[in-house]
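Notes to accompany the following structure.
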Amino acid sequence: MKILDGKVALVTGAAQGIGRAIALRLAREGADIAILDMDNAKMKAVADEVQSLGRKSTTFKADISGRDEVYAAIDHTENALGGFDIMVNNAGIAQVQPIADVTAKEAEQILKVNIEGVLWGIQAAAKKFHDRKQKGKIINAASIAGHDGFPMLGVYSATKFAVRALTQSAAQEYASDGITVNSYSPGIVGTDMWVEIDRRFAEITGAKVGETYKKYVDGIALGRAQTPEDVAAFVAFLAGPDSDYMTGQSPIIDGGIVYR
Ligand SMILES: NC(=O)c1ccc[n+]([C@@H]2O[C@H](COP(=O)([O-])OP(=O)(O)OC[C@H]3O[C@@H](n4cnc5c(N)ncnc54)[C@H](O)[C@@H]3O)[C@@H](O)[C@H]2O)c1
């Protein structure tokens, strides 16, 4: 018996990086997986990997900043996989920009994806759990940047603080429905997101490509960058029964960068 046998999970931003690792880990724990992202070919590849683990999978192309699209994704998940138990609001974007230079368009874009995308994911998942008269788990991507503001990442940090706020509020509002809401706060994970963050730091500060990533990784107490699988292991705990008595929390799992 695996911890997620018989469960259905929807993972947003699961075409690559942390979301892909979460999809595969939850599948290994027994869950069937719906993959939401914006690139059909990449989603299909992850869906095939889930199936090769012996689980069912489906894909849904959507932009999480669109409220109706998120509701449609959850309906699709229920119809395609015959249930809905776990919502992982993982998709998000980074933005490296000194506060002095942030434009209205840039601010609007990241607030829409990182805050509204998670808001709609929480709201739509809780509504579906309620309609199905069942318990559920909602899990959101925060960050160490949701606990401390980082230079050049001010607006990104603000969106991740907001994810923690939504997590705390939703946990209290939905507790009586048997729904738990928690977040995960990774540190420096070697994904395409960091390739882009590093490239932007190089552009803005004149650092060499690779230098900013190395500087941050060198500061990690455990001496290595975090892998997507490190993150997925904690998300599996949040998705499973061992976290049933936990709600409203956004623990930092970062190898030792930010201490709370
Ligand atoms: N990489 C890190 O170091 C790190 C650290 C802490 C937190 N996080 C958070 O973890 C999450 C995943 O990060 P990652 O490193 O895997 O990033 P990534 O850029 O490698 O992957 C993100 C995925 O989300 C998808 N996505 C982006 N915007 C979307 C939208 N509007 N609608 C649907 N899908 C969308 C992308 O297509 C992509 O497949 C993000 O929320 C990120 O902020 C990452």
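Bear in mind that the values here come from a model prediction, so they are computed numbers and not experimental data. These numbers come from the heavy atoms of this one structure, side chains and all, not from hydrogens, waters or symmetry mates. Read the numbers this way: they start at 1 and go in the same order the structure lists the ligands and their atoms.
- Comment: Lys127 does not engage Asp177 in a salt bridge, judged by the lack of any side-chain N to carboxylate O separation of less than 4.0 angstrom.
- Checked by atom type, the side-chain pair Ser57/Gln51 shows a donor-acceptor distance below 3.5 Å.
- For residues 80-99, every residue pair satisfying the side-chain hydrogen bond (donor to acceptor under 3.5 Å, both in side chains) rule, not counting sequence neighbours, is listed here: Asp85-Gln134, Asn89-Asn140, Asn90-Tyr184, Gln97-Glu106, Gln97-Arg200.
- Of the options Ile139, Val181, Ile138, a side chain to side chain contact (heavy atoms under 4.5 Å, CB included) to Thr167 is made by Val181 and by none of the others.
- Phe129 meets the ring-ring contact (aromatic ring centres under 6.0 Å, His included) test with Phe84; sequence neighbours excluded.
- A heavy-atom cutoff of 4.0 Å around ligand 1 is satisfied by the protein residues Gly13, Ala15, Gln16, Gly17, Ile18, Leu36, Asp37, Met38, Ala62, Asp63, Ile64, Asn90, Ala91, Gly92, Ile93, Val113, Ala141, Ala142, Ser143, Tyr156, Lys160, Pro186, Gly187, Ile188, Val189, Thr191, Asp192, Met193, Trp194.
- With sequence neighbours left out, Tyr216 forms a ring-ring contact (aromatic ring centres under 6.0 Å, His included) with Trp194.
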